[in-house]
Engineer: 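Let me give you the structure first, and then I'll get to my questions.
Any value given below was found using the heavy atoms of this structure, including those in side chains, with hydrogens, waters and symmetry copies removed.
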Amino acid sequence: MSQLHASRRGAAPVPTPRIEDHALIGDMRTAALVTMYGSIDWLCLPAFDSDACFAALVGTADNGHWTITPTVPVREVRRHYRKSTLILETEFVTERGTVRLLDFMPPAHERKYSRVCRSIRCINGTVPLRSELSPRLAFGRAIPRIVPIDGATKMFAGPDALYLRGGPTNGAPSPVAEFVLSAGEEVSYSLGYARSYEEPPREDDVVQAERATEEFWTRWCSTLHVPPQYQDLVIRSLITLKACIYEPTGGIVAAPTSSLPETPRGERNWDYRFCWLRDGMLAVRSFILAGRREEARAFFEWILRAVAGDPAQMQIMYGIRGERRLSEVELAWLEGYEGAKPVRVGNAAYDQRQLDIYGEMALVLYEAGRDFDAHRPEAVSALIGIARHVMCVWRQPDRGIWEMRGPERDFTASKVSAWTALDRAIRYTEEYGLDEPVEDLRKTREAIFQEVCHKGFSPELNSFTQYYGGKGLDASLLFIPLAGFLPATDPRVVGTVEALERELLRGGLLLRFKPEADVDGLSGDEGVFLACSFWLAATYQMMGREEDAHRLFNKAAAARNDLGLLAEEYDPNSQRQLGNFPQAFSHFALVSAAFALAEGAPMVPR
C-alpha cells in the first residue's frame with residue numbers, strides 16, 4: 001500500500017506517486033510529467049535541459065507543482081491518452097460526481113516558447129475542485145514574484161517568467177482557486193513561458209489548441225508503418241519517442257527527467273536530459289523501419305554536427321543542441337525521489353572514454369548512408385575517419401557501455417564495438433565501390449576478432465565475459481550476435497546466452513550486469529534493464545527460438561504502465577519501474593525488437 005502525501009491544502013490526501021503513476025505530455029521542446037492525481041510535478045522551461053519550474057518529482061510540493069483535483073475523496077481514477085495522441089484524459093470519480101481533466105502541450109513549432117493547457121470538465125453531478133499553481137523556479141529554489149498583467153498572472157524570478165491565463169473568473173487568474181463545477185461546465189487554463197524581460201506570450205484559445213494538437217498527432221501517426229501484431233504498443237512507443245525529440249535540432253533526449261533512482265532510495269540517480277550517441281543506432285533504425293525518415297534524418301544530421309571533424313574528440317553524449325560540456329552538480333536542497341539522493345544536474349560521464357560509441361556511430365553512418373544520401377562526403381569521411389581512429393585506440397581500456405565509475409577495464413563488448421566500426425567501414429566501401437584503401441582496416445578487424453575470441457571468452461564458463469579475465473556476465477555481450485561479430489547459432493554465442501539466462505535473469509527479465517563496487521564504483525543493486533530484455537528477445541529470434549522470443553518480448557512489454565510508458569529499469573519483486581521516465585532507450589529497443597520478431601528486421605544494420 002502506498003504511503004499518503006500530507007494533504008496539499010484544501011485537497012484530499014493522495015498516495016505518493018510511483019514513477020509509473022506519471023504520464024508524459026510534451027511539445028518537442030520540453031515535456032511535463034503528470035501524476036494520476038492531477039499534479040504536474042515536473043516541467044523544465046523553456047527546454048528539456050532548462051531549470052525546472054515544477055520539481056516536486058525529486059523534492060516535495062514546496063519545490064513546485066500544479067495540482068488540479070477534487071477537494072472531496074476520489075473513489076476511482078481512470079486515465080488514457082486520446083486515441084493516437086499525446087493528449088491525456090484523467091477522470092476522477094467522487095461521491096458527488098465525475099470530472100475529466102485534460103492535459104496537453106500544443107506542438108511548439110509555431111511559437112517561440114512552450115505552453116501547458118489544462119481543462120477540467122464535469123461529466124455528471126456537482127464536484128468541488130481546487131487548482132493550486134505553485135511554481136518554484138531554478139529547480140525548486142526560487143519563489144517567484146506574482147503580478148497581474150493584461151488579463152494574465154505573471155510569475156517571474158531571474159530570467160524566467162510564467163503567464164497563467166483562464167480559470168473560473170474573468171481577469172487575471174489567481175494561482176490558487178477553489179470552484180465548483182456541475183454537469184457540462186468546464187474551466188480551462190493555459191500556462192505560457194517567456195523570458196522575464198521579453199513581451200508576454202500571446203493569449204491562447206485552449207479549444208483551438210486542443211483541436212490543433214489532436215490533428216498534429218493523428219496526422220503524424222497516420223504515416224507510421226508498424227507491425228500489425230504489435231500495433232498499439234509500437235505506436236505508443238513511437239509517440240513517446242517523438243515527444244523526446246528536441247525539434248529545433250533533431251536531438252533526442254534519453255529521458256525528459258533527472259535523478260529518478262535506479263536503486264530505491266539509492267545513489268544511482270543521473271540526469272538523462274541529454275543525447276547519447278548509443279541511442280543513435282536504435283533511433284535511426286526504429287524511425288526508418290516505422291517509415292519516419294524525417295526524424296531519422298534529423299537525428300542523423302544532429303549527430304554529424306555534434307561529432308564534428310575529429311573522431312579523437314568524440315564524446316559519448318552531448319547536449320540537445322550539441323553542447324560538449326555537461327558539468328555535473330548536486331542540488332542539495334532537493335530531497336530526491338522518495339529520499340534518493342543526490343539529485344544531479346549535468347552528467348559527468350560525458351568525458352569518459354567508451355569505445356562502444358565508435359561502433360554505434362559507425363552503425364548510424366552505415367544505415368543512414370544506405371537509406372539517405374549514399375556517398376555524402378562528410379558522412380563517408382566520418383565513417384572512414386572513425387575506423388582509422390579505432391585502429392589507434394582499440395587496445396585501450398575504457399568505462400564500457402554502462403558508463404562504469406570504477407576503474408577502466410578491457411570490456412569485451414567495447415572491443416566488439418571497435419570491431420563493428422571497422423567492419424561497417426570496410427563493408428560500406430566494398431558495397432559502393434569507393435576508392436578507399438581498407439586492407440589495413442581488414443587486418444585490424446581480424447586482430448580484434450582473434451583477441452576477443454581468445455581473451456573475452458572463458459572456456460570454463462563456456463561464455464564470453466564482461467571484461468577480459470573476469471568471471472562476470474554482462475547483457476551488452478548480446479551485441480556479439482546482434483552486430484554480426486558471430487552468428488547467433490555459434491556455440492560460443494549459445495553458451496553466452498545460456499550463461500546470461502542462468503546468471504542475470506530476474507523474474508524472467510534481464511539484468512544488465514550484477515553490480516560490483518570495484519567495477520561500476522557504486523553501491524546498491526538495480527532492477528532489470530528493459531532494453532536488454534528486448535535485446536535478448538531479438539537474439540532468441542535470431543537463434544530460431546521464436547517461442548522464447550515472443551514470450552520474453554511480451555513479458556518485457558508488460559512492464560509498461562497503464563499508458564504504455566517504460567522507465568529504464570523494472571523491479572520484478574515490487575513490480576515497480578525504476579530510473580528516469582519515460583526512457584527513450586527502452587522504447588527504441590521495444591520498437592526494434594517488435595520489427596525483428598514480426599518482420600525479421602535486424603535490430604542493428606546488417
Engineer: Are L289 and V591 close enough that some pair of their side-chain heavy atoms sits under 4.5 Å apart?
Structural biologist: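 Contact flag for L289/V591 side chains = no.
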
Engineer: At what distance, to the nearest 0.5 angstrom, does CG of N269 lie from NZ of K341?
Structural biologist: 11.0 Å

Engineer: Distance alone, cut at 3.5 Å: any donor-acceptor contact between the side chains of T257 and N580?
Structural biologist: yes

Engineer: With no hydrogens and no angle check, just 3.5 Å: does a side-chain donor-acceptor pair link R344 and S258?
Structural biologist: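 Looking only at side-chain atoms, S258 and R344 do not form any donor-acceptor pair under 3.5 Å.
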
Engineer: Side-chain donor-acceptor pair under 3.5 Å between E295 and W220, yes or no?
Structural biologist: yes

Engineer: When rounded to the nearest 0.5 angstrom, what is the spacing between CD1 in I123 and CD in E91?
Structural biologist: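 The CD1 atom of I123 sits 6.0 Å away from the CD atom of E91.
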
Engineer: Tell me if the centroids of the rings in F274 and Y318 come within less than 6.0 Å of each other.
Structural biologist: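 They do not qualify: ring centres at least 6.0 Å apart.
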
Engineer: Do R79 and Y81 have side-chain atoms, one donor and one acceptor, less than 3.5 Å apart?
Structural biologist: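 Y81 and R79 do not have a side-chain donor-acceptor pair below 3.5 Å.
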
Engineer: Considering only heavy atoms from C-beta outward, does the side chain of L191 approach that of M155 to under 4.5 Å?
Structural biologist: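 L191 reaches M155 side chain to side chain.
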
Engineer: Within the supplied structure, the quantity of interest is the number of heavy atoms (other residues, nucleotides, ligands) at a distance under 6.0 Å from R145 CZ; does it exceed 12?
Structural biologist: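 Open: at most 12 neighbouring heavy atoms sit under 6.0 Å from CZ of R145.
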
Engineer: Name the orientation class of the two ring planes belonging to Y189 and F179 (parallel below 30°, tilted from 30 to 60°, perpendicular beyond 60°).
Structural biologist: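 It falls in the tilted class, 30° to 60°.
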
Engineer: Any side-chain heavy atom of T85 sitting closer than 4.5 Å to one from T213?
Structural biologist: no

Engineer: Does any part of the side chain of Y337, heavy atoms only, come nearer than 4.5 Å to the side chain of R18, both counted from C-beta?
Structural biologist: yes

Engineer: Parallel, tilted or perpendicular: which one describes the rings of Y113 and Y193, with boundaries at 30° and 60°?
Structural biologist: perpendicular

Engineer: Does some side-chain heavy atom of D41 sit less than 4.5 Å from a side-chain heavy atom of L33?
Structural biologist: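 Not in contact.
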
Engineer: Evaluate the side-chain proximity of I120 to L129: yes if any heavy-atom separation is below 4.5 Å, no if none is.
Structural biologist: yes

Engineer: Measure the acute angle between the ring planes of Y246 and F48, then classify it against the limits of 30° and 60° as parallel, tilted or perpendicular.
Structural biologist: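 Perpendicular: the ring planes of Y246 and F48 meet at over 60°.
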
Engineer: Might you confirm whether atom CZ of R96 has over 12 heavy atoms from other residues, nucleotides or ligands at distances under 6.0 Å?
Structural biologist: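 Result for CZ/R96: open.
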
